[in-house]
Chemist: 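Please see the structure below; I have some questions.
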There are 2 protein chains.
Amino acid sequence: MAKSLENRFDAVEISEAERYLDAVPPSDIDPRVERLVNQLIGRVADKWTMLILELLEERGTMRFTQIGRAVDGISQKMLTQTLRQMERDGLLTRTVHPVVPPRVDYALTPLGNSLSAAFCGVWVWAERNLDMVEAARARFDARG
Amino acid sequence: MAKSLENRFDAVEISEAERYLDAVPPSDIDPRVERLVNQLIGRVADKWTMLILELLEERGTMRFTQIGRAVDGISQKMLTQTLRQMERDGLLTRTVHPVVPPRVDYALTPLGNSLSAAFCGVWVWAERNLDMVEAARARFDARG
DNA sequence: CTGAATCCAAGTTGATACTG
DNA sequence: CAGTATCAACTTGGATTCAG
């Protein structure tokens, strides 16, 4: 990981006032858990993962090319890559049918379904607050 | 955006069987909304944004350097950048106190608080399913 | 203390071509 | 159809330096 800001001022002399201002209550989260959670969220919160998650939740089992067509803008490379990751994480199953032409079905696992449900709140928030964010951006950009 | 898979097979002749296999029900999401939602989620789902969001939710108003120390591994550049983005999106307020040395306070807006709440479900899911995901990865890696 | 600006290494992604 | 392989372009993020 990067050299954090942690040590940038550790060695410098600071006044009592500064010490007070910078004092922070200790985090009440287990650092080990926090690290793992961050890693996990970083993975699942990726753009394509979320879109595929929602897609499969909505439509059920789908084939490779179907997903590719449904997810706007995704390249076949990222599609393959994202599906592999999701399979590895246990979010979906990959079923190869031994026929020609090949047919591969993808479907969410219960774990995938539960993650989709957990993300639901974020989707709802986004839909509900789109205008708020747009307005905030406009105001911000209107200033310098 | 990239040339999607959308058109890769649009021009080729396909059998009725293929046509059936690839048929997908029309999406019931307004494409315009979907695009904006994706953009929004892509922004807020970013690693540092989420961590800062949780931090400010938990601790309230904080100064620039305090946040830098609390968010493990973040560089000063990313801290500045992320805070600016969040301010632009209306998630937090930035208050400059005209003193020397400078003092700048950051605090979540109601919009920021609501987003934090929306993300809560994801955090809970991540904590609860850490072991499931780890196990799934182990199984996946154990095969080829 | 709180930034802005620059440089650059490393990682990500997309386009393209090829395979069974 | 469902991938794999490769390479160039683009993006990202960290380190560093400087300023008010």
Side-chain angles (χ1 to χ4, degrees), chain A residues 1-15 17-24 42-43 46-49 51 61-85 87 94-106 144, chain B residues 1-15 17-24 42-43 46-49 51 62-69 71-87 92 94-106 144:
Chain A
M1 196 64 68
K3 182 158 82 169
S4 82
L5 292 178
E6 198 89 34
N7 303 321
R8 284 198 63 195
F9 302 107
D10 276 5
V12 308
E13 217 64 33
I14 54 177
S15 68
E18 291 293 331
R19 196 181 303 277
Y20 172 75
L21 286 172
D22 284 343
V24 290
R43 188 175 300 266
D46 139 82
K47 181 183 176 185
W48 302 127
T49 301
L51 293 178
T61 300
M62 292 182 77
R63 299 178 59 174
F64 182 83
T65 309
Q66 283 182 325
I67 302 175
R69 271 202 284 268
V71 178
D72 187 55
I74 195 170
S75 68
Q76 119 274 27
K77 177 183 176 179
M78 290 315 298
L79 180 55
T80 300
Q81 200 173 105
T82 305
L83 288 172
R84 283 289 180 284
Q85 261 187 3
E87 185 193 1
R94 176 172 176 271
T95 309
V96 181
H97 300 278
V99 297
V100 291
R103 174 191 177 131
V104 182
D105 284 336
Y106 293 91
Chain B
M1 197 65 67
K3 182 158 82 172
S4 84
L5 292 177
E6 198 88 36
N7 304 322
R8 283 198 64 196
F9 300 107
D10 276 4
V12 309
E13 218 62 34
I14 55 176
S15 68
E18 291 292 333
R19 197 181 302 276
Y20 172 75
L21 286 172
D22 282 344
V24 290
R43 186 175 302 267
D46 139 82
K47 182 183 176 186
W48 302 128
T49 302
L51 293 178
M62 292 182 76
R63 299 178 59 175
F64 182 83
T65 308
Q66 283 182 324
I67 301 174
R69 271 201 284 266
V71 178
D72 187 55
I74 195 170
S75 67
Q76 174 252 31
K77 178 183 176 178
M78 288 286 78
L79 180 56
T80 300
Q81 200 173 103
T82 305
L83 288 172
R84 282 290 180 285
Q85 262 188 359
M86 294 177 72
E87 185 194 1
L92 54 74
R94 175 171 176 273
T95 310
V96 182
H97 300 279
V99 298
V100 290
R103 173 190 177 134
V104 182
D105 285 336
Y106 294 91

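In what follows, chains carry the letters A, B, and so on, assigned in the order in which the sequence lines appear, proteins first and then strands, with residues in each chain numbered from 1.
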Chemist: Give the intermediate values and the outcome of side chain to side chain contact (heavy atoms under 4.5 Å, CB included) for residues B:Arg63 and B:Asp105.
Modeler: CA-CA 5 Å; B:Arg63 299 178 59 175; B:Asp105 285 336; 3.3 Å; yes

Chemist: Provide, to the nearest angstrom, the distance between the CD atom belonging to A:Gln85 and the P atom belonging to C:dT12.
Modeler: 9 Å

Chemist: To the side chain of B:Pro101, which of D:dG3, C:dC1, C:dT2 is closest?
Modeler: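 Comparing D:dG3, C:dC1, C:dT2 against the side chain of B:Pro101, the answer is C:dC1.
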
Chemist: Kindly point out which of D:dG20, C:dA4, D:dG3 is positioned nearest to the side chain of B:Pro102?
Modeler: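 The nucleotide sitting nearest to the side chain is D:dG20.
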
Chemist: So for the helix from C:dC1-D:dG20 to C:dG20-D:dC1, with five pairs setting each end axis, what is the inter-axis angle to 10°?
Modeler: 40°

Chemist: Given atom CD1 of A:Ile67 and atom P of D:dA2, what is their separation to the nearest angstrom?
Modeler: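 Distance check: A:Ile67 CD1 to D:dA2 P gives 9 Å.
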
Chemist: As an exercise, state the distance from CD1 of A:Ile67 to OG1 of A:Thr82, rounded to the nearest 0.5 Å.
Modeler: 10.5 Å

Chemist: Considering only C:dC1, C:dG3, C:dT13, which nucleotide approaches the side chain of B:Thr65 most closely?
Modeler: C:dC1

Chemist: Applying side-chain hydrogen bond (donor to acceptor under 3.5 Å, both in side chains), can you list everything that pairs with A:Thr49, at least two apart in sequence or on another chain?
Modeler: A:Asp46

Chemist: Without decimals, in angstroms, what is the distance between A:Asp105 CG and D:dA2 C1'?
Modeler: 12 Å

Chemist: Would one find a side-chain N or O of A:Arg103 under 4.0 angstrom from OP1 or OP2 of D:dA2?
Modeler: no

Chemist: If every non-hydrogen atom of B:Arg94 is compared with every non-hydrogen atom of B:Val96, which pair is closest and at what distance?
Modeler: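 Shortest heavy-atom contact: NH1-CG2, 3.7 Å.
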
Chemist: Once side chain to side chain contact (heavy atoms under 4.5 Å, CB included) is applied, do any residues pair with B:Val99, and if so which ones, sequence neighbours excluded?
Modeler: B:His97, B:Arg103

Chemist: Return the value, rounded to whole Å, for the distance between atom CG of A:Leu79 and atom P of C:dG14.
Modeler: 11 Å

Chemist: Looking at D:dG14, C:dC1, C:dG14, which one has an atom nearest to any side-chain atom of A:Trp48?
Modeler: C:dG14

Chemist: Of all heavy-atom pairs between B:Phe64 and B:Leu83, which one has the smallest distance, and what is that distance?
Modeler: CD1-CD1, 3.8 Å

Chemist: With a cut-off of less than 4.0 Å, is there a side-chain N or O of B:Tyr106 near OP1 or OP2 of C:dG3?
Modeler: yes

Chemist: Is B:Arg63 near enough to C:dC1 that one of its side-chain N or O atoms lies under 4.0 angstrom from OP1 or OP2?
Modeler: no

Chemist: Scan nucleotides 5-8 of chain D against the protein and return all N/O pairs shorter than 3.5 Å with their distances rounded to 0.1 Å.
Modeler:
none

Chemist: Where the side chain of B:Gln81 is defined as all heavy atoms beyond and including C-beta, which of D:dG13, C:dT13, D:dG3 is the nearest nucleotide?
Modeler: D:dG13

Chemist: Could you state the atom-to-atom distance from CZ of B:Phe64 to C1' of D:dG20 in whole Å?
Modeler: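 Taking atom C1' of D:dG20 as the reference, CZ of B:Phe64 is at 15 Å.
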
Chemist: Starting at CH2 of A:Trp48, measure out to CE of A:Met78 and round the result to the nearest 0.5 Å.
Modeler: 8.0 Å

Chemist: Rounding to an integer number of Å, can you tell me how far B:Leu83 CG sits from C:dA4 P?
Modeler: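 Computing the B:Leu83:CG to C:dA4:P distance gives 10 Å.
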
Chemist: Just how far, in rounded Å, is P of D:dC10 from CE of A:Met78?
Modeler: 18 Å

Chemist: Which nucleotide in the set C:dC1, D:dT4, D:dA2 lies at the smallest distance from any side-chain heavy atom of A:Arg84?
Modeler: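 Selected nucleotide: D:dT4.
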
Chemist: Between C:dC1 atom P and B:Met62 atom CE, what is the distance in whole Å?
Modeler: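 Going from CE in B:Met62 over to P in C:dC1 covers 14 Å.
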
Chemist: How far does OH of B:Tyr106 sit from CD of B:Glu87, to the nearest 0.5 angstrom?
Modeler: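 Here the rounded value is 7.0 Å.
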
Chemist: List the residues meeting side-chain hydrogen bond (donor to acceptor under 3.5 Å, both in side chains) with B:Arg84, not counting sequence neighbours, and say none if there are none.
Modeler: none

Chemist: Could you give the distance from CD (A:Gln81) to CD (A:Gln76), rounded to the nearest 0.5 Å?
Modeler: 10.5 Å

